[in-house]
Number of protein chains: 2
Amino acid sequence: MGRWEPNARERLAKAALELYGERGYEQTTVAEIAKRAGLTERTFFRHYADKREVLFDGASALQELFVNAVADAPEAKAPIDAIAAGLEAVSAVFVGRRGYSRQRHAVVVANAVLQERELIKLASLSAALADALRRRGVPEPAASLTAEAGVAVFKIGFERWVGTAEERTMAQLTRESLAELKAVTAGG
Amino acid sequence: MGRWEPNARERLAKAALELYGERGYEQTTVAEIAKRAGLTERTFFRHYADKREVLFDGASALQELFVNAVADAPEAKAPIDAIAAGLEAVSAVFVGRRGYSRQRHAVVVANAVLQERELIKLASLSAALADALRRRGVPEPAASLTAEAGVAVFKIGFERWVGTAEERTMAQLTRESLAELKAVTAGG
DNA sequence: AGCGTCGATGACAGTCACTGACATCGACAG
DNA sequence: CTGTCGATGTCAGTGACTGTCATCGACGCT
């Protein structure tokens, strides 16, 4: 057994989400988070770059999953359909995590600075998707626009998923959102 | 004549943009900005909520212009065409401001925290556009998706405008980007 | 002219996010 | 038994941001 309790990083993330929910993000100090996790403030900053990042631990894994699914889609598929394949893959990882997703989402929407961080994560995702599409041979600006559209569908699909009482899967809702986007941009 | 030099707010914005460009955003302290503007740090925070906001003074006016153009578009127009009318109106205000836009954009893209602020301004714009579309009778999620698409077109059109050497207007570039988006989302 | 109010600013102390430097100490290899 | 390593603790420091009170010219009223 080590000198310290294991899973310091996870303990910090859990403590932070709890405290942000209980007292609010601004009313919570990093020292309090560290104390609840049985650590010190300095150690918090060794695990997370800042007070917001602690809520975004899974972001890079999600991005990787999305990008890989797009890259691995059949070559013959159109850009928007490769994105659709990525949306399917990403939707799958949310199965069974609706409670956690709701709790986390409630904290984020309540604080502008957390929304900012979420938005830049989505922008990073969009850039990575555009890159994956370019590697599939899609030219600009089509690659960036398709990526932006995909992220918009993901965002709105997710919001509908956490916001609805019905028991519909995130995959269903993203499929519907994509169909809707195609409808509103049709014609002209 | 007043007790102080006029246009304190504008002086602060000018000093901040200069210093962010000269030394970088992080290497600039608010006290330095205030000093260059002939004021104190405390006065800076009376004009701007934080160190980033000083670069986003025109954001609310731009949003208002965009939203009004969408609201005032002929009733018969489809949602995406109302958005297109808004894009035309917004593009017009950038005429003659390419140098300033480039300088400001260079500062923003060099700093993640400034990009975050820019992204939340765009998110606010998207929400306001969705609201305007809803008031035109557009249901959800079509309103939000069309708004997101419009913001994506604006963003990419703007980036192409500041990034290209050719003398093309922002209106031309946003028109092209919108056409491209329609093309990539077509079919399926 | 005298006077009271108001608004923009200055002065100052305080909190907290975040960083750099150094110390601690169990695990582990040799 | 000893030296290295890695995760943590300790502590001092910077800078963003806030609350509070003081200042003082402009302006309207009498």
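These numbers come from the heavy atoms of this one structure, side chains and all, not from hydrogens, waters or symmetry mates. All chains are named by letter (A, B, ...) in the order of the sequence lines, taking the proteins before the strands, and each is independently numbered beginning at 1. Just so it is clear, the model here is predicted, and its values are computed rather than measured.
- The existence of a salt bridge linking A:Arg36 and A:Glu22 is confirmed by a sub-4.0 Å separation between a basic side-chain nitrogen and an acidic carboxylate oxygen.
- Regarding contacts with the backbone of D:dG9, a side-chain N or O of A:Thr40 is found under 4.0 angstrom from either OP1 or OP2.
- For the pair B:Lys51 NZ and C:dC18 C1', the computed distance is 13 Å after rounding to whole Å.
- In this structure, the nucleotide among C:dC18, C:dG10, C:dG7 sitting nearest to the side chain of B:Arg3 is C:dG7.
- A straight line from CZ of B:Arg46 to P of D:dG19 spans 11 Å, rounded to a whole angstrom.
- Between B:Thr29 and D:dG15, a side-chain N or O to OP1/OP2 separation shorter than 4.0 Å is absent.
- Relative to the side chain of A:Glu41, the nucleotides C:dA21, D:dG25, C:dA17 differ in distance, and C:dA17 lies closest.
- The aromatic ring centres of A:Tyr48 and A:Phe56 sit 6.0 Å or more apart.
- Counting to the nearest Å, the P atom of C:dG10 and the CZ atom of B:Phe44 are 14 Å from each other.
- In this structure, the CD atom of A:Glu5 is 13 Å from the C1' atom of D:dT8, given to the nearest Å.
- Closest to the side chain of B:Ala8, from the set D:dA16, C:dT9, C:dC18, is C:dT9.
- Residue B:Trp4 contributes atom CH2, which lies 8 Å from atom P of C:dA8 at whole-angstrom precision.
- Comparing C:dC18, D:dT20, D:dT23 by their nearest atom to the side chain of B:Arg42 picks out D:dT20.
- Note on B:His47: every side-chain N or O is 4.0 Å or more away from OP1 and OP2 of C:dA8.
- Among the atoms of the strands shown, none is found under 4.0 Å from any heavy atom of B:Ala31.
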